[in-house]
Amino acid sequence: MTDLRNYISTHSLGSPLQAAAGEAILALSDAAAQIATLIREPDSSADFAAAQGSANADGDTQKALDVICDEIVASALAAAGVSTYLSEEREEPVSMDKDGLVIVACDPLDGSSNIDTNLSIGTIFSLLPAATGPLQPGRNQLASGFFVYGPQTTLLLTMGEGVHAFQMDASGVFHLLDWAVSIPAQTSEFAINAANARFWHAPAAAYVADCIAGAEGSRGRDFNMRWLGSLVADSWRIFRRGGVFLYPGDRRAGYSEGRLRLIYEAAPVAFLVEQAGGRATDGKNAIMDIVPEFLHQRVPFMFGSDTEMEEIIRHHS
Ligand code: AFP
């Protein structure tokens, strides 16, 4: 059975840049194995969900585990010769190896509001060429992926040649799954936080209303809704059985551009989505084409099954 190291060795041939990307991915998998153990077997004295009393660059209250995971990832990347580390948990870029070829952008622990509810959470990462600096469009990504710490610890990875899925064994080795990853084009399942309905702008409100109208409405069929409050968990489900995810901008203060960050959440997921035959947009532009203006920039984020995404884009046109 192929493991991640075998996979990397056959997919990062040719250029020093690809080899550097491969080393960074292996370092991230080592960090993920440590994080998975922390989450699965928390030290009895650890209150990981306890607020650190600090806030990250976006003002989110930092939980102990957020900070611990950020430190685990940073240590692993520093040892792998990465040029620069961009983290949700750090205000500024962290310079590492001045001769490094790859920038790694990361949400070390996505879904941390679920830490003490035993829901799946994860680590999201994006690899960019160091030569072009931190503010690059997602189209420049060398690789991206996310780990899910759930009933299984898994990895979804793209290096630009499709998407592959891995599952971690008890010793922390990630093994390639026999799954030709492709997002089904059709779906009748949408993911959105419906508690925010009164704040939505017309396009999202109209799309969701049509789904809720179901067979009696213009769509002529019933829909189902899921919302896990964990991007990686909702994403894994969408890759598995199709679906669409919506976190649009809304009328709440601070949410005009939605909640998710472009560089280390939306762009890496969008790369995977496009590689798996889906679409990812802010309503008008492909996420992968958006050039970030600053590190912690938020972006309205809608992605998933190609045919259903056409309906969402139609509402936004
Ligand atoms: P946390 O990391 O603060 O839990 O945020 C998770 C997240 O960024 C993403 O994983 C979820 O899809 C989204 O926020 C949930 O947002 P709401 O709590 O506003 O529904």
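As a basis for the values below, the full set of heavy atoms in this structure was taken, side chains included, without hydrogen atoms, waters or symmetry mates. Both ligands and their constituent atoms are indexed starting at 1 by order of listing. Numbers for residues simply follow the sequence, beginning at 1.
- F301 and L86 are members of different hydrophobic clusters when ILVMFWY side chains are connected at heavy-atom separations under 4.5 Å.
- The structure places CG of D107 at 10.5 Å from CD1 of I121, a figure rounded to the nearest 0.5 Å.
- Neither the backbone nor the side chain of D107 has a heavy atom within less than 4.0 Å of ligand 1.
- Residue E311 holds its CD atom at 13.0 Å from OG of S305, rounded to the nearest 0.5 Å.
- At least one N or O atom of W227, backbone or side chain, sits closer than 3.5 Å to an N or O atom of ligand 1.
- Ranked by closest heavy atom to atom 14 (O) of ligand 1, the top entry among R259, R252, E88 is R259.
- Screening residues 107-146 for ring-ring contact (aromatic ring centres under 6.0 Å, His included) gives F125-F147 as the qualifying pairs, with residues at least two apart or on separate chains.
- Annotation: R261 places no N or O atom under 3.5 Å from an N or O atom of ligand 1; distance criterion only.
- When each atom of ligand 1 is checked for a heavy atom of S112 under 4.0 Å away, the hits are 1 (P), 2 (O), 4 (O).
- Within the listing of ligand 1, atoms 8 (O), 9 (C) sit less than 4.0 angstrom from a heavy atom of L260.
- Close contacts between ligand 1 and L231 involve ligand atoms 9 (C), 10 (O), 11 (C), 12 (O) [criterion: under 4.0 Å to a heavy atom].
- Alongside M288, the hydrophobic cluster contains F271 (criterion: ILVMFWY side chains under 4.5 Å).
- The shortest N or O to N or O distance between N193 and ligand 1 is under 3.5 Å.
- The shortest N or O to N or O distance between V232 and ligand 1 is not below 3.5 Å.
- Outside the 6.0 Å centre-distance limit, the rings of Y207 and H316 are not counted as a close aromatic pair.
- Within ligand 1, counting atoms from 1 as listed, the ones closer than 4.0 Å to a heavy atom of F245 are 12 (O).
- Nearest to atom 4 (O) of ligand 1 by heavy-atom distance, out of S113, S230, A191, is S113.
- Using a 30° and 60° split on the angle between ring planes, F245 and Y247 fall in the tilted class, from 30° to 60°.
- Heavy-atom neighbours of R5 CZ from other residues, nucleotides or ligands within 6.0 Å: at or below the threshold of 12.
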